[in-house]
Amino acid sequence: SYPFLGFRLNGLVIYDDMEDSPSDTLAAIDKFTVTVDFKTLYKDKKIILTNLFISGVAANLYTAADGSSNLDVFGTSEEEEEPKDDESSMDIYADLQKISVKDINASYKDLSSGIDAGINRLDIELKGLLNYDSLDAKAGVKLAQVNAAIKTDSMDVAAYLKDINLDAVLAKYNDDVSADLTLNLKETQATMDDIQANLNNLKLVLSNVSTTMGSEGLGDLMAGFRITASDLSYSSEGMMTETGNIVMKADKATLAGDSANVSGFTFDSRDISLTLEDSVGTVTKAGIAKVLLGLEGALKLDLSDVNTSLAIDVEGTTFDQGGEDPMNVITDVLSLKADATIKDQDIALLAEFNTPSVTVEMDSALLVPGWSFGFTLPVETNMDVTRFNIKEGSNIRVNGQQIAFNANGTLGGQQIVAGHARIRTPRDLDIDRLISMIPEAFADALEGIDVHGTVGLDINVKGALADNGPVLDNASAKISL
């Protein structure tokens, strides 16, 4: 009705005449409706689209083994002259009350390349304002199923996605672009030969996305994101791994020119399991109850300037190896913290690792009965790793005993390594505790030795290791009992 002008098309079908084509329909549309603002078209020479409705779309593309296609019915297009500028051309705007595209189904089968793909029940809805300078719209996309496969004599790959939903709020004013997007994916499967991967209940949220899009291309990009998923599994010959819930998020991630920055990044995964079986049937199993990773940092994309902090906490780790020499390892908590910086060619790293309890059993013999373990390692080197400096403060801690060390030198050249190293005890070692830490299987070697008290060490060595063996410049050792 005035002032709107409408056009409607019902029941368009293009038939497929290829004899061996899997469908007799090349393309079809049940309903097509579009309306424009006739008043603005007549007075202002502007085309304003107000509504667009399409439903029941089908497309079936087919290529035979000899390369012929059901698209050949359209022939080949001749080269067209470039359109001349037309000063009377009209601007096209979309002041959309609604765009609705429902029930799109498409398939593509190519016998010459082994490709077989398709989509089922694609729905798209869009509402907003669109012209050459601005965009302000809400969009929703629903897709029931996507499948794709390539099968040849040398390849067998397939992927399957089910129940995809995308909701978006999009805006563009002049060069400024912003968006918020939420993607839900219920089920994903992928296979390649004997490899299979599955992922369920994937949800991706991109929030506060902002950038610029002008004549110089895409500008700085900024966004927060959150990804959740469940029941991730991966299997191949001799290997199977599974996880429970996964959560990955960042409060803010920025890509600006040649620099990237991330803040508030965390990764949380639960109930991880891994099973391996070798060619003789030996089974190895590993499990982790919880992994929590945190990251803050900034870097240049060429890695000439990096400043990052990493923290990893792992709970409930188990390792069980079968076979002739069975081994079992259990830890309650593993904690690693690391700070790394790169400035041009210089690298600095400070790492600290702790676990309050490690139990190791081998062939029914208890080798490590729940000891604590940890280390601190501040190190400096360069990009080529031709020099190193393990700084003061480096130490290893085992069951309450502590040994400190530091070293510096060079790597490569005529000598494999050259430099200075020192090993010492910041506090004296408890001899009785040291002896108690020796596994029972080796206890007979200490029969007849009766030493008690404490021991202190301070060992200094300077020299090199060359291809023909060690070269010692000088060495000193202090031992106090």
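Below, each value reflects all heavy atoms present in this structure, side chains not excepted, and no hydrogens, waters or symmetry copies. Bear in mind that the values here come from a model prediction, so they are computed numbers and not experimental data.
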Flag side-chain contact, heavy atom, 4.5 Å: [X] against [Y]:
X	Y	result
Thr410	Thr386	no
Leu61	Leu71	yes
Gln145	Lys162	no
Met383	Ile347	yes
Leu334	Phe353	yes
Leu170	Lys172	no
Lys127	Glu125	no
Met239	Leu274	yes

Any chance you could measure [X], atom [atom1], to [Y], atom [atom2], to the nearest 0.5 Å?
X	Y	atom1	atom2	answer
Thr182	Leu206	OG1	CG	8.0 Å
Thr211	Asp220	OG1	CG	7.0 Å
Asp268	Leu292	CG	CG	5.5 Å
Thr381	Leu349	OG1	CG	10.5 Å
Thr63	Lys109	OG1	NZ	11.0 Å
Ile390	Arg422	CD1	CZ	14.5 Å

Exercise. May I have the step-by-step check of side-chain contact (heavy atoms from CB on, under 4.5 Å) for Thr376 and Arg397, ending in yes or no?
Key: CA-CA 9 Å; Thr376 300; Arg397 305 173 295 278; 3.1 Å; yes
Would the distance check show the side chain of [X] and the main-chain N or O of [Y] forming a donor-acceptor pair, the cut-off being under 3.5 Å?
X	Y	result
Asp193	Ile195	no
Asp180	Asn208	yes
Thr212	Asp176	no
Asp156	Met192	no
Thr241	Ser273	yes
Asn460	Ala475	no
Ser357	Ser372	no
Asp66	Ser68	yes

Quick one: do [X] and [Y] make a salt bridge, cutoff under 4.0 Å?
X	Y	value
Lys285	Asp320	no
Asp123	Arg121	no
Lys138	Asp167	no

Quick one about [Y] and [X] (side-chain donor to acceptor, distance below 3.5 Å, no hydrogens or angles considered), yes or no?
X	Y	answer
Arg387	Asn389	no
Ser335	Asp313	yes
Asn245	Ser230	no
Asp305	Asn307	no
Tyr62	Asn60	no

Practice problem: Kindly determine whether Val291 and Ile272 satisfy side-chain contact (heavy atoms from CB on, under 4.5 Å), including the steps that lead there. | Solution: CA-CA 9 Å; Val291 175; Ile272 303 170; 3.8 Å; yes
Considering all heavy atoms, the nearest [X]-[Y] contact:
X	Y	result
Thr188	Asn200	N-OD1, 4.3 Å
Ile459	Ala477	CG1-CB, 4.1 Å
Gly114	Thr152	CA-CG2, 4.5 Å
Leu367	Trp371	O-CH2, 4.0 Å
Glu277	Gly281	OE2-CA, 3.6 Å
Ile246	Thr243	CD1-OG1, 3.5 Å

Self-check item: Option passing side-chain contact (heavy atoms from CB on, under 4.5 Å) with Thr359 (candidates Leu366, Asp332, Val368)
Solution: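 Only one option passes, and that is Leu366.
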Practice problem: Assess whether side-chain contact (heavy atoms from CB on, under 4.5 Å) is satisfied between Met213 and Asp175, documenting all intermediate values. | Solution: CA-CA 5 Å; Met213 189 180 298; Asp175 292 343; 5.9 Å; no
Quiz item: Got more than 12 heavy atoms from elsewhere within 6.0 Å of NZ, Lys249?
Solution: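 Yes, the 6.0 Å shell around NZ holds more than 12 heavy atoms from other groups.
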Practice problem: Run the numbers on Arg427 and Gln402 for side chain to side chain donor-acceptor pair (under 3.5 Å), then give the verdict. | Solution: CA-CA 7 Å; Arg427 54 181 182 269; Gln402 181 176 342; 3.2 Å; yes
Quiz item: Can you list the steps and then say if Asn147 with Asn120 is a side-chain contact (heavy atoms from CB on, under 4.5 Å)?
Solution: CA-CA 9 Å; Asn147 61 276; Asn120 297 102; 4.1 Å; yes
